[in-house]
Amino acid sequence: MKRFLALLLIAAIIIAIILFFTNPQLLDGVWLWLIGFAGSIIGLFRNLWESVKGAFDKDEEVVQKVAPEPLAKENVALAQTQVQLKEAELELKKVQSQIAINKAELEEVVPFDGTTLSLIRFRYDQNTTLGLLYIRDQFIAYTLEDTYRETKIKGKTRIPSGVYEIKFREVMSGLTKKYRERKALQPFFTWHLELQNVPNYEFVYIHIGNTHGDTDGCILIADGIYDDSIKKSIMNSVKAYTRFYKRIQALLEGGEKVRIKVYDENWITQLQRKSTISEEVA
C-alpha cells in the first residue's frame with residue numbers, strides 16, 4: 001500500500017513538472033486542484049487501510065472472546081479435581097482413624113491406668129451380632145448389636161472393632177429423660193454411658209434392649225440369650241444393665257478411667273497378633 005501511494009505521488013510530480021515546462025500558466029491554475037486531488041486520494045486509501053486494519057482487529061477480539069472457553073473448561077476440571085481431593089482426604093482421615101484404633105488395641109506401649117472392659121463378638125447374621133462382655137476378665141453380661149456391614153447403613157450397622165474410652169454423656173437427651181423416669185432406674189441412673197470417638201458414629205451408648213430393633217448402633221446388654229430363632233434376642237436386660245451400670249458408675253465417679261475393647265469374631269487371631277507384637281516389643 002505504501003509503495004502504491006509513493007508511485008502515485010511520483011507520477012503526480014512528473015506530470016506537474018511536464019506541465020510546468022510546457023504550460024506554466026496552466027499549472028498555476030490547477031496546482032491547488034492537484035494538491036487537493038492528491039490529498040483526497042491519500043485520504044481515501046487511508047480510510048480503506050483503517051477499515052481493513054479494523055476488520056483484523058475485530059477478528060483478534062473474537063479470538064480473545066473465544067479463547068477463554070478452554071480456560072473455563074480447565075477451571076471446571078480444576079474444581080472437580082479439588083472436590084475429588086477433598087473426598088480422598090476424608091477417606092484418608094477415616095483410614096487413619098481406624099489405624100489409630102487398631103494400633104491402640106494391638107500395640108499398647110503405655111499401660112492403661114484404669115478399668116478395661118472386653119466385648120467379644122462370637123456370632124452374627126443378617127440383622128444381629130451376639131457377644132460376651134467382661135470386666136477385668138470376669139464375665140458380666142451378654143451383648144447384642146446390629147450386624148456387620150461392609151458399608152454402613154444408618155441404624156442397622158454395628159460399630160467397628162477397636163478400643164474406646166467410656167464416659168458419661170452429661171446431656172439431657174430424650175433417651176436420658178426417659179431412663180430417669182423409669183422406676184427401676186430412678187434410684188441410681190444419672191447419665192448414659194457413651195463410647196468416645198467411634199469412627200463415623202455418635203452417641204454410642206451401652207443400654208437396655210432385647211433385639212436389633214432396640215439399637216441404633218449401640219450395645220445392648222442382658223443376662224440371657226436366645227440364639228435358636230431367626231430373630232435372635234437377649235433377655236433380662238434391665239437386671240443386667242442395673243448391675244453393670246452401678247459398677248461402672250462407681251468407677252467413673254471415683255475418678256477412674258474406663259475403656260472397652262471390642263473384638264470381632266476373629267478375636268483369637270487378634271489376641272495372637274497382640275501376643276506376637278508384645279513379644280517383639282519386649
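Partner R158 forms a side chain to side chain donor-acceptor pair (under 3.5 Å) with one of D146, T128, T129 and no other, that one being T129.
Side chains of L252 and W191 form no contact here, defined as non-hydrogen atoms less than 4.5 Å apart. Proximity of D264 to Y148: side-chain heavy atoms (C-beta onward) are nowhere separated by under 4.5 Å.
Tracing side-chain contacts under 4.5 Å through hydrophobic residues (I, L, V, M, F, W, Y), one never reaches V171 starting from Y245; they form parts of separate clusters. Following chains of ILVMFWY side-chain contacts shorter than 4.5 Å, one can reach I234 starting from F122, so the two form part of one hydrophobic cluster.
In plain terms, the two heavy atoms of P160 and Y201 that are nearest each other are CD-CE1, 3.8 Å. The heavy-atom pair separating T190 from T176 by the smallest distance is O-CG2, 3.9 Å. Here the shortest heavy-atom pairing between Q249 and F188 reads NE2-O, 2.9 Å.
Panel note: side chain Q186, backbone E181; a donor-acceptor pair is recorded below 3.5 Å. For R259 (side chain) and V163 (main-chain N/O), no donor-acceptor pair under 3.5 Å exists by modelled atom type. Counting only distance, with no hydrogens or angles, the side chain of S237 and the backbone of G209 share a donor-acceptor pair below 3.5 Å.
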*Would you check, one step at a time, whether the test side-chain contact (heavy atoms from CB on, under 4.5 Å) holds for L193 with V258?*
CA-CA 10 Å; L193 299 171; V258 179; over 6 Å; no
*asked:* Y124 vs E145, test: side-chain contact (heavy atoms from CB on, under 4.5 Å). Steps then yes/no.
replied: CA-CA 9 Å; Y124 73 92; E145 303 171 81; over 6 Å; no
*Show your reasoning for whether side-chain contact (heavy atoms from CB on, under 4.5 Å) applies to M235 and Y142.*
CA-CA 9 Å; M235 300 170 287; Y142 295 98; over 6 Å; no
_Pair V262-R121, side-chain contact (heavy atoms from CB on, under 4.5 Å): steps then yes or no_ = CA-CA 8 Å; V262 181; R121 294 162 170 164; 3.4 Å; yes
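In this structure, the separation between CD1 on I206 and CD on E194 is 10.5 Å, given to the nearest 0.5 Å. How far NZ of K261 is from OG1 of T116: 6.0 Å, rounded to the nearest 0.5 Å. Atom CG of residue N197 and atom OH of residue Y164 lie 9.5 Å apart, to the nearest 0.5 angstrom. In this structure, CG on L251 lies 4.5 Å from OG1 on T115, to the nearest 0.5 angstrom. In this structure, T157 OG1 and I159 CD1 are separated by 11.5 Å, a value rounded to the nearest 0.5 Å. Here the straight-line distance linking atom CG of N127 with atom CG of L144 works out to 10.0 Å at 0.5 Å rounding.
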Result block: side-chain N/O donor-acceptor pairs under 3.5 angstrom for residues 214-226, not counting sequence neighbours:
| unit_1 | atom_1 | unit_2 | atom_2 | d |
| --- | --- | --- | --- | --- |
| D214 | OD2 | N210 | N | 2.8 |
| D214 | OD2 | T211 | N | 3.1 |
| T215 | OG1 | G217 | N | 3.3 |
| T215 | OG1 | C218 | N | 2.8 |
| T215 | OG1 | C218 | O | 2.8 |
| D216 | OD1 | G155 | N | 3.1 |
| D223 | OD1 | R243 | NH2 | 2.6 |
| D223 | OD2 | R243 | NH1 | 3.3 |

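In this structure, R182 fails the cation-pi test against F189, since its NZ or CZ atom is not both closer than 6.0 Å to the six-membered ring centre and inside 45 degrees of the ring normal. Taking the centre and axis of the six-membered ring of F203, the NZ or CZ atom of R169 falls inside the cone set by 45° and 6.0 Å.
Ring orientation note: the planes of F139 and Y134 are nearly perpendicular, at an angle over 60° on the 30°/60° scale. The aromatic rings of Y179 and H207 lie perpendicular to each other, with more than 60° between the two planes, well past the 30° mark.
K156 NZ: 12 or fewer foreign heavy atoms inside a 6.0 Å radius.
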